[in-house]
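What follows is a single structure, written as structure tokens, with notes after it.
Indexing begins at 1, ligand by ligand and atom by atom, following the structure's order.
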Amino acid sequence: MKEINTIIHGNCIEELKKLPNNSIDLIFADPPYYLQLPKGKRLKRANGTEVIPVDDEWDKFESYEDYDNFTKSWLSECQRIIKPTGSIWVIGMYHNIFRVGTIMQDLGIWFLNDVIWIKTDALPNLNGRRFTNNHETLIWAVKDKNCKNYTFNYEQMKQINGGKQMKDTDWIFGLCRGNERLKDENGIKAHPTQKPLKLIQQVLLTATNKGDLVLDPFFGTGTTGIVAKALDRNWIGIEKEQKYVDIANKRILNFKKQ
Ligand SMILES: C[S@@+](CC[C@H](N)C(=O)[O-])C[C@H]1O[C@@H](n2cnc3c(N)ncnc32)[C@H](O)[C@@H]1O
């Protein structure tokens, strides 16, 4: 496939249609969350620094119906292209993950687990006095309920877990910060939702082997590509914003395996 180890610049709804049936070993999808933040609203941390919200055009939809149609379009293509031995991982928050989950089940995609990414350093709820939203949910699923031989590196996960079965669905990692967080020339975050490498590393170690092909239809800064390269997996990214394609290309090109 000519797309292997490249970023496709385009809308994943169109681009996914060009990929062959049953051709991908793992899909990691970090789609728009449809956060619906009030326009122009700015929040400050206790130390006075401003929180940069996700109010980008790519996170905007007309309505829930619009978001659901979008979600159904990309998920049905993902279901078509994932191998029967592969798996689909989708990450989201309370704003969208329940809608995404319902659509997955309606399409016949079969759930294996939901994994909770607990953020050790989540922002407090600056908007009011409600609970801190300190986690995101990952749905781990297969093409349909007949898929029994999906890749799951049970033994390797056990090894990573000090010889004990890795049972927990709570994965505890900090946010993407420090040197890992990409910044623009003004020192501002280059992307509002860059995910930590460790989180995606855990996904790929759980459910892929060396040489497998990993697809990320919402590539952003290319975090999935970096992890795939580090772990000797192949990858394909799809990203519709040229600025993120450029950032991800540069990041992957400059990445040197240790
Ligand atoms: C939540 S972010 C992903 C961040 C990524 N996981 C990272 O670590 O950098 C979603 C990304 O999907 C892109 N996007 C949104 N709609 C898209 C579409 N229809 N096709 C392709 N990319 C899209 C956005 O530009 C954004 O970069």
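There is a side-chain donor-acceptor pair under 3.5 Å between K143 and N22.
Residues F28 and W140 keep their aromatic ring centres 6.0 Å or farther apart. In this structure, the ring of W74 has its center less than 6.0 angstrom from the ring center of F218.
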Are there any protein N or O atoms under 3.5 Å from the N or O atoms of ligand 1? List them with distances, or say none.
from, atom 1, to, atom 2, distance (Å)
ligand 1, 6 (N), D30, OD2, 2.7
ligand 1, 8 (O), K195, N, 2.9
ligand 1, 8 (O), T223, OG1, 2.6
ligand 1, 9 (O), T221, N, 2.9
ligand 1, 9 (O), T221, OG1, 2.6
ligand 1, 19 (N), N11, OD1, 2.9
ligand 1, 20 (N), C12, N, 2.8
ligand 1, 22 (N), K240, N, 3.2
ligand 1, 25 (O), E239, OE2, 2.6
ligand 1, 27 (O), H191, NE2, 2.8
ligand 1, 27 (O), E239, OE1, 2.8
ligand 1, 27 (O), E239, OE2, 3.4

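Counting heavy atoms from C-beta outward, V227 and F255 have side chains that stay 4.5 Å or more apart.
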* To do: Check step by step if ring-ring contact (aromatic ring centres under 6.0 Å, His included) holds for Y150 and W110.
  => CA-CA 11 Å; Y150 51 86; W110 194 253; over 10 Å; no
Only pairs under 3.5 Å count here: list side-chain donor-acceptor contacts from residues 7-21, not counting sequence neighbours, and write none if there are none.
from, atom 1, to, atom 2, distance (Å)
H9, ND1, Q242, OE1, 3.0
H9, NE2, K240, O, 3.1
N11, OD1, I13, N, 3.0
E15, OE1, K18, NZ, 3.1
E15, OE2, K18, NZ, 3.3
N21, OD1, R80, NH1, 2.7

